Amino acid sequence: MQERFESIRQSLDAVGQSHVLRHWGSLQAKQRAALLAQLQELDLALLVRLTSETDEAAPVDFAMTEPALFRAIGDPSLPSFRAAGEEMLRAGRVAAFTVAGGQGTRLGWRGPKGSYPATVVTGKPLFRVFAEQIAAAEKRYGRVVPWYIMTSPINDEETRAFFQDNNWFGRSPRDTLLFPQGTMPSITLDGKLILESPCSLALNPDGHGGSLRALAASGAVEDMKARGIEQISYFQVDNPLVKVIDPAFLGLHATAPDSSGEMSSKMVRKRNAAEKVGVFCHHAGKTIVVEYSDLPRALAEATDPDGMLRFAAGSVAIHAISVAFVDRLTQGDFALPFHRAKKKVPYYCERTAATIEPSEPNAIKFETFIFDALVLTKQSLLLETSRVEEFAPIKNSSGEDSPSSSHQTQSNRNGAWLERFGTQVPRRANGDVDARIEISAATALYEDDLMPLAAAEQLPKRIVSDSDAVL
Ligand code: UTP
């Protein structure tokens, strides 16, 4: 161990980071081993590069930036692409993939975010919502849809325990594969590694972009290839309305003549110029996502002659990605650019011998973003969807994108589905449904699945204001 220590100390010294060894003398053997293991994992050359640069992502030339083109809701070609997607599902070529490695600090839930009780009446956890959708798709198409879930070293154990405690939601654990993503060290605002305890560095998951490398490194890509999986339905853990399996989107992505079949995305129209979502743009022949903080105000506010926002294609982090694309990208020393974010990172304080939770951002975290892979495709497609149908994220504990806004959107979607089949649904003056309505994927995976229930008169005729309804 002494030899390893010496060699790491010298490497750290050379890059001005050996302060992380300052408690070495007082550490127990086990603690020393743990710290050395963390330090050995560090890519010091990368760290030096990241601490000396402002941002790795190439700057966007906004003079050459146009709004991205997209297939709008109701595009007449969608039914034929739906048939193609259903064919892929019947042939067992599709996997579901949830990225669930984030820290979920804004929501402040004590467990992994996927364990958060998300549905509006029965409070089903997010992972159960997705599991039920996958089960319904498996039943419909007669094939297993393997489910891959990316965790992070911070929540992997807890996430596995949650699946175990819930009997894997009735799924075979062989078809439900969890794997952790990589981490990056957080640094102080002046570029120094941070200790969260005397024997451990402050590490953060390396962003949802880390999923590409993690899919390859964990063996998930090989597993997919062995199963004959060709396309991955990618979604985030925080959106209970996501269509985990969307045949029309998958078919469009995999078979449209203007798609390379490598990576496609869904979008919603921005509510207004100031909305804080990334925007799909067309830049140098490629589709890119520009973060809201980077989009110049003049472009964010630019309108067409009909008064519609020009840069309106908001990102909802739903993608279809081919296994071949992940495989191609992750050969060799592939890396997406790291983005820097100022965050609050707990640190060890020698004076009090305790870990301190800072009240202000004190550190920089490095993360990669999945949408930065879009420029690496030959061609990439965008499909519009409506918020009420598919986007009710739970990110904050209150206000926008919170459990309560998500509940309202869930009821709005379910209410609209029922109205289409003749149920009277109470609505408030602002159009919101005035009741809590939950529809399980076992009852209706898609809206049309309510049709036979309506024909058999099994749908409620009327929902009472401020009541709960579960179908
Ligand atoms: P967010 O950007 O909402 O981040 O992640 P977060 O870490 O979950 O939450 P905050 O910012 O700390 O409040 C969007 C999606 O990407 C996943 C998250 O789990 C979520 O599904 N993600 C994010 C990862 O899988 N890994 C990461 O390193 C970051």
Side-chain angles (χ1 to χ4, degrees), residues 96-116 118 125-127 129-130 147-156 158-160 162 177-186 202-215 217-218 220 232-242 244 265-266 276-278 289 291-293 314-319 321 326 335-346 357-358 361-373 390-403 405-406:
F97 178 35
T98 313
V99 288
Q103 291 171 298
T105 35
R106 283 170 290 171
L107 182 61
W109 173 245
R110 51 189 152 59
K113 221 192 227 186
S115 68
Y116 187 80
L126 287 152
F127 283 135
V129 173
F130 307 142
W147 185 15
Y148 299 84
I149 298 139
M150 183 176 79
T151 62
S152 65
I154 294 158
N155 66 17
D156 185 71
E158 268 187 292
T159 308
R160 282 174 199 277
F162 188 70
L177 297 105
L178 282 73
F179 58 89
Q181 67 179 112
T183 55
M184 282 294 287
S186 307
L203 300 173
N204 61 271
D206 61 0
H208 40 64
S211 59
L212 296 175
R213 199 198 285 275
L215 278 168
S218 65
I232 302 169
S233 177
Y234 169 107
F235 57 97
Q236 301 192 340
V237 75
D238 52 21
N239 179 11
L241 277 193
V242 69
V244 170
S265 317
K266 285 195 182 171
K276 292 179 175 176
V277 288
V289 172
E291 286 185 81
Y292 67 87
S293 49
S315 172
V316 283
I318 300 171
H319 303 281
I321 304 174
V326 181
L336 291 175
F338 279 98
H339 297 254
R340 310 157 66 94
K342 254 183 163 180
K343 294 273 165 98
K344 293 184 256 182
V345 171
E357 300 272 348
N362 61 327
I364 293 169
K365 284 187 186 176
F366 296 104
E367 290 192 333
T368 57
F369 298 151
I370 188 73
F371 53 69
D372 279 329
E390 249 187 294
F391 192 52
I394 298 177
K395 296 213 180 266
N396 304 308
S397 55
S398 59
E400 260 186 33
D401 297 344
S402 67
S405 69
S406 176

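First listed ligand is number 1; within each ligand, the first listed atom is number 1. What's counted below: heavy atoms across the whole structure, side chains too, no hydrogens, waters or symmetry copies. Note that this is a predicted model, so its numbers are computed, not measured.
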- prompt: Is the closest heavy-atom distance from S152 to ligand 1 below 4.0 Å?
  reply: no
- prompt: Which atoms of ligand 1 sit under 4.0 Å from any heavy atom of M150?
  reply: 25 (O)
query: Between F130 and F127, what is the ring plane arrangement, given parallel below 30°, perpendicular above 60°, and tilted in between?
result: perpendicular
- prompt: If you measure from atom 29 (C) of ligand 1 to every heavy atom of H208, M184, Q103, Q236, which option wins on shortest distance?
  reply: H208
message: Nearest 0.5 Å, please: how far is OG1 in T159 from CD1 in I149?
response: 8.5 Å
- prompt: Is it true that G210 lies under 4.0 Å from ligand 1, counting heavy atoms only?
  reply: no
- request: Note the single closest protein heavy atom to atom 28 (O) of ligand 1, along with its residue, its atom name and the distance in Å.
  value: G207 N, 2.7 Å
query: Considering only protein heavy atoms, which is closest to atom 12 (O) of ligand 1, and at what distance to one decimal place?
result: T105 OG1, 2.4 Å
statement: When distances are taken from atom 6 (P) of ligand 1, the protein heavy atom at minimum range is G104 N, 3.6 Å
- prompt: Is it the side chain, the backbone, both or neither of P205 that has a heavy atom closer than 4.0 Å to ligand 1?
  reply: both
statement: Of all heavy-atom pairs linking Q181 and G101, the shortest is OE1-CA, 3.2 Å
- prompt: Nearest 0.5 Å, what's the CG-CE distance between D156 and M150?
  reply: 11.0 Å
query: In terms of atom number and element, which parts of ligand 1 are under 4.0 angstrom from non-hydrogen atoms of K395?
result: 1 (P), 3 (O), 14 (C)
- request: Mind checking the CD-NE2 spacing from E367 to H208? Nearest 0.5 Å is all I need.
  value: 7.0 Å
- request: May I ask you to identify the nearest protein heavy atom to atom 26 (N) of ligand 1, giving residue, atom name and distance to one decimal place in Å?
  value: Q181 OE1, 2.7 Å
query: Identify the closest protein heavy atom to atom 21 (O) of ligand 1: which residue and atom is it, and at what distance?
result: V99 O, 2.7 Å
task: Decide side-chain contact (heavy atoms from CB on, under 4.5 Å) for K344 and T105; before the verdict, give the C-alpha distance in whole Å, the side-chain angles of both, and the deciding distance to 0.1 Å.
output: CA-CA 10 Å; K344 293 184 256 182; T105 35; over 6 Å; no
- prompt: Counting heavy atoms only, which of K113, R106, K343 comes nearest to atom 4 (O) of ligand 1?
  reply: R106
- prompt: In Å, rounded to the nearest 0.5 Å, how long is the span from CD of E357 to CG of N362?
  reply: 10.0 Å
field: Separation between CG of L126 and OG1 of T98, rounded to the nearest 0.5 Å
entry: 10.0 Å
- request: Please report which non-hydrogen protein atom sits nearest to atom 23 (C) of ligand 1, along with the residue it belongs to and the distance in Å to one decimal place.
  value: G102 CA, 3.7 Å
query: Nearest 0.5 Å, what's the NZ-OG distance between K365 and S186?
result: 6.0 Å
message: Can you report which non-hydrogen protein atom sits closest to atom 25 (O) of ligand 1, along with the distance?
response: G101 N, 2.8 Å
